[in-house]
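Accompanying notes for the structure given below.
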Amino acid sequence: MLDPKLLREQTALVRAGIARKKFQVDLDAVIAADEVRRHAVAEFEVARSTQNAANKEMAALPKGSAEFQAKVAEMKTASARVKELEKKVSEAEEVWKQIVLSVPNIPHDSVPEGRTEADNKVVSTWGDQTKLVSTVAKPHWDISWFSKAIDFERGVKVTGAGFPFYVGDMARLVRALIQFFLEEAGSAGYTEVHAPLLVNAASATATGQLPDKEGQMYHAQTDDFYLIPTAEVPVTNFFRDEILDEGSLPVKRVGYTPCFRREAGSWGAHVRGLNRLHQFDKVELVKWVHPEKSFEELESLRGDAERLLQKLNLPYRVLLICAGDIGFSHSKQYDLEVWAGGQKRWLEVSSCSNFTDFQARRAGIRFRPKEGKVEYVHTLNGSGLGLPRVLAAILENNLQPDGSVRIPEALRRWYGKETLQF
RNA sequence: GGAGAGAUGGCAGAGUGGUCGAUUGCACCUGACUUGAAAUCAGGCGGUGCCGCAAGGCAUCCGGGGGUUCGAAUCCCUCUCUCUCCGCCA
């Protein structure tokens with residue numbers, strides 16, 4: 001949610017930002033609803049104030065007196081009017097709330113113009129593909145033993161499409177990746193949290209999954225819980241409706257969770273193998289920071305994610321997402337894409353974003369400065385990293401002529417061997 | 001799942017229809033005393049919204065929602081959560 005003051009006092013700026021994002025929002029309707037709301041509030045408060053004063057007088061009168069009885073009769077009409085005005089206020093606030101939630105966050109000045117993903121800017125590329133990618137590279141699903149290591153068919157039997165089993169050393173490799181990501185984040189100052197995998201509607205609303213992206217989440221209807229599409233949801237909600245100490249900022253947390261996404265309608269080309277799943281593992285980095293620091297914190301967050309790919313020796317590039325392709329709640333966003341040498345495609349493995357105060361406002365996460373009023377924190381998050389596509393890149397890029405896969409040095413401590421083969 | 005108790009400010013804990021945003025204690029901040037500190041004393045100390053350049057004023061908030069009443073922290077209904085006991089269980 002945008003700051004209502006910004007909305008009404010710097011309307012032109014907001015309008016320009018929304019235009020850059022290519023969103024269609026009737027800002028005039030938002031402003032009008034705000035005005036109706038404020039007018040209703042003012043009217044109600046005057047009536048209420050009068051009623052309060054009269055009630056104070058009545059308290060001083062003897063209960064049974066004729067004077068008292070007369071006042072009661074008189075106040076009945078005033079009371080009815082207060083109730084009526086109060087109803088008007090809550091209606092006006094409801095209308096305004098609904099409409100203001102449709103206004104997206106505005107993009108930061110450093111975000112490039114653009115309409116689609118084709119307009120995203122490549123800001124850097126790491127790793128020499130000719131050196132780091134195997135000469136016998138092939139798509140991971142074409143590796144001879146692939147279906148033994150990652151069993152999609154039995155996953156279909158047990159659950160449905162997109163819920164594979166990882167078997168034997170492949171399961172071990174998954175666990176090694178999780179360990180590696182968590183340990184690296186720990187060294188970078190993130191406190192590990194092990195979070196709930198189901199959340200209530202209030203949490204899903206605070207981080208922005210509800211009401212718009214409802215169809216993307218699995219819903220446990222008996223208890224009205226949602227399966228998390230990312231650890232961002234429970235981890236960010238940890239501090240929902242709380243006021244943090246300024247001295248504790250920045251707060252940095254890391255969480256590993258499975259993620260569940262219905263991915264309704266997005267199946268089609270390029271989603272074979274590990275490229276898109278209904279259940280996948282991800283390690284997520286979340287930061288709550290001082291508003292003045294959030295854009296530098298975004299750079300360091302991106303650095304924390306990049307370092308993982310470097311240590312795994314996987315070529316990647318960094319995209320600065322253009323205004324038209326950036327998310328609804330985001331102010332600025334970088335994507336990290338790993339090079340999958342077999343598919344010869346870039347695969348997104350991380351998205352690092354600054355939400356500024358947009359998400360904090362929705363979630364009610366604030367801090368108390370040493371002086372002055374309570375303020376909203378800025379929230380950021382980034383994957384560090386999503387597992388399946390990293391796994392795909394490792395399998396494809398490190399495939400050996402003998403059909404085995406060399407495991408990156410950084411993972412051997414937890415994987416325990418040098419190669420993977422079935 | 002069954003029975004009972006409860007939810008009040010950062011924490012503890014009063015308050016059962018009017019002068020209660022709420023006694024008090026702790027914590028915290030400021031000042032006095034002190035070489036400094038402790039102790040003591042005095043004062044201050046919540047969020048949100050609206051109006052205002054500001055000082056400030058008004059409104060609102062006692063778990064959430066609804067109701068009764070001229071008036072609700074206080075009475076009624078409902079939901080959620082917590083605790084205790086019993087049952088079941090990884």
Side-chain angles (χ1 to χ4, degrees), chain A residues 1-10 30-101 194 196-206 210 220-226 234 237-249 251 258 288 291 357-358 360-377:
Chain A
M1 188 175 121
L2 270 189
D3 183 355
K5 281 216 179 71
L6 188 76
L7 212 46
R8 91 179 152 240
E9 285 162 20
Q10 310 221 42
V30 179
I31 306 265
D34 185 39
E35 223 147 87
V36 168
R37 170 185 139 260
R38 281 155 65 217
H39 182 74
V41 166
E43 211 178 353
F44 161 74
E45 287 184 356
V46 169
R48 188 61 151 159
S49 183
T50 312
Q51 187 192 32
N52 284 346
N55 275 325
K56 239 170 217 179
E57 283 174 38
M58 287 177 69
L61 295 173
K63 277 270 161 58
S65 68
E67 228 183 336
F68 186 89
Q69 293 305 336
K71 266 283 192 204
V72 168
E74 183 188 319
M75 287 313 291
K76 281 202 186 202
T77 43
S79 171
R81 176 154 169 77
V82 165
K83 274 206 180 128
E84 196 184 300
L85 291 173
E86 191 173 23
K87 201 171 163 200
K88 256 170 88 177
V89 168
S90 59
E91 280 167 5
E93 298 214 304
E94 196 50 42
V95 167
W96 174 77
K97 216 170 125 186
Q98 285 308 314
I99 195 165
V100 83
L101 282 179
H194 199 68
L197 305 183
L198 283 81
V199 295
N200 57 32
S203 293
T205 306
L210 291 180
Q221 295 182 19
T222 309
D223 295 290
D224 198 23
F225 292 148
Y226 293 86
N237 274 282
F238 187 89
F239 291 118
R240 174 152 54 86
D241 296 326
E242 292 192 27
I243 299 174
L244 309 176
D245 286 331
E246 185 178 29
S248 69
L249 303 179
V251 178
W288 296 258
D357 63 347
F358 193 85
R361 235 167 239 290
R362 213 163 154 137
I365 306 174
R366 295 172 292 171
F367 73 98
R368 198 182 298 280
K370 283 182 200 73
E371 285 180 15
K373 294 191 70 171
V374 171
E375 279 183 65
Y376 286 95
V377 299

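Chain letters run A, B, ... following the sequence lines, proteins first, then strands; residues in each count from 1.
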Spacing of A:D223 atom CG relative to B:rC81 atom P, expressed in whole Å: 10 Å
Separation between NZ of A:K83 and CG of A:L85, rounded to the nearest 0.5 Å: 12.5 Å
Closest non-hydrogen atom pair, A:I31 against A:L7: CD1-O, 3.4 Å
Spacing of the P atoms in B:rA5 and B:rG9 (rounded, Å): 23 Å
Can you name the atoms? Protein N/O to nucleotides 17-20 of chain B N/O, anything below 3.5 Å, with the distance.
from   : atom 1 : to    : atom 2 : distance (Å)
B:rG18 : N7     : A:K63 : NZ     : 3.1
B:rG18 : N2     : A:N55 : OD1    : 3.2

Contact summary for A:L2 and A:F358, nearest pair of heavy atoms: N-CE1, 3.7 Å
Distance between P atoms of B:rC79 and B:rG2 (Å, rounded): 13 Å
Atom P, compared across B:rG25 and B:rC45: separation rounded to whole Å: 15 Å
Sugar-phosphate, base or nothing in reach of A:E74, heavy atoms under 4.0 Å: nothing
Spacing of the C1' atoms in B:rG71 and B:rA12 (rounded, Å): 31 Å
Sub-4.0 Å heavy-atom contacts from residues 76-86 of chain A onto RNA chain B, ordered by number: A:K76, A:S79, A:K83
Donor-acceptor contact below 3.5 Å, side chain A:T205 vs main chain A:A201: yes
Return a table of donor-acceptor pairs under 3.5 angstrom between the side chains of residues 90-98 of chain A and protein atoms on other chains or two or more places apart.
from  : atom 1 : to    : atom 2 : distance (Å)
A:S90 : OG     : A:K87 : O      : 3.0
A:E94 : OE2    : A:Q98 : NE2    : 3.4

Sequence-distant partners of A:D34, salt bridge (charged side-chain N to carboxylate O under 4.0 Å, His left out), two or more places apart: A:R8, A:R37, A:R38
Span that lies between the C1' atom of B:rG21 and that of B:rC61, in whole angstrom: 8 Å
Listing, residues 40-57 of chain A side-chain donor-acceptor contacts under 3.5 Å, not counting sequence neighbours, or none:
from  : atom 1 : to    : atom 2 : distance (Å)
A:R48 : NH1    : A:Q51 : OE1    : 2.7
A:T50 : OG1    : A:V46 : O      : 2.9
A:N55 : ND2    : A:Q51 : O      : 3.3
A:E57 : OE1    : A:K71 : NZ     : 3.4

Runs of at least three consecutive pairs that involve RNA chain B, where pairs are Watson-Crick or G-U with distances under 3.5 Å: B:1-7 with B:80-86, B:10-12 with B:24-26, B:28-32 with B:40-44, B:46-51 with B:56-61, B:63-67 with B:75-79
B:rC62 and B:rG36, which share atom name C1', separated by this distance in whole Å: 43 Å
Dump every N/O contact between nucleotides 87-90 of chain B and the protein below 3.5 Å, one line per pair.
none

Interatomic distance at C1', B:rG18 relative to B:rU34, whole Å: 49 Å
Residues in ring-ring contact (aromatic ring centres under 6.0 Å, His included) contact with A:Y376, at least two apart in sequence or another chain: none
Test salt bridge (charged side-chain N to carboxylate O under 4.0 Å, His left out) applied to A:R361 - qualifying residues, sequence neighbours left out: A:D3, A:D357
Gap between atom OG of A:S203 and atom CZ of A:F238 - 0.5 Å precision: 12.5 Å
Heavy-atom pair with the smallest gap, counting every atom of A:P234 and A:P196: CG-O, 3.5 Å
Heavy-atom donor-acceptor pair, A:R366 side chain to A:L244 backbone, under 3.5 Å: no
Any residue meeting side-chain contact (heavy atoms from CB on, under 4.5 Å) with A:A202, in chain and number order, not counting sequence neighbours: A:N200, A:R240
A:V377 vs A:F239 side-chain heavy atoms within contact, under 4.5 Å: no
Separation between the P atoms of B:rG10 and B:rG17, rounded to whole Å: 27 Å
Residue list, side-chain contact (heavy atoms from CB on, under 4.5 Å) with A:V72, at least two apart or on another chain: A:M58, A:F68, A:K76
Validation row: A:I365, A:W288 side chains within 4.5 angstrom (heavy atoms): yes
Nucleotide-resolved protein contact map, nucleotides 44-61 of chain B, B/S/- at heavy-atom distance under 4.0 Å: --SSSBSS------BSS-
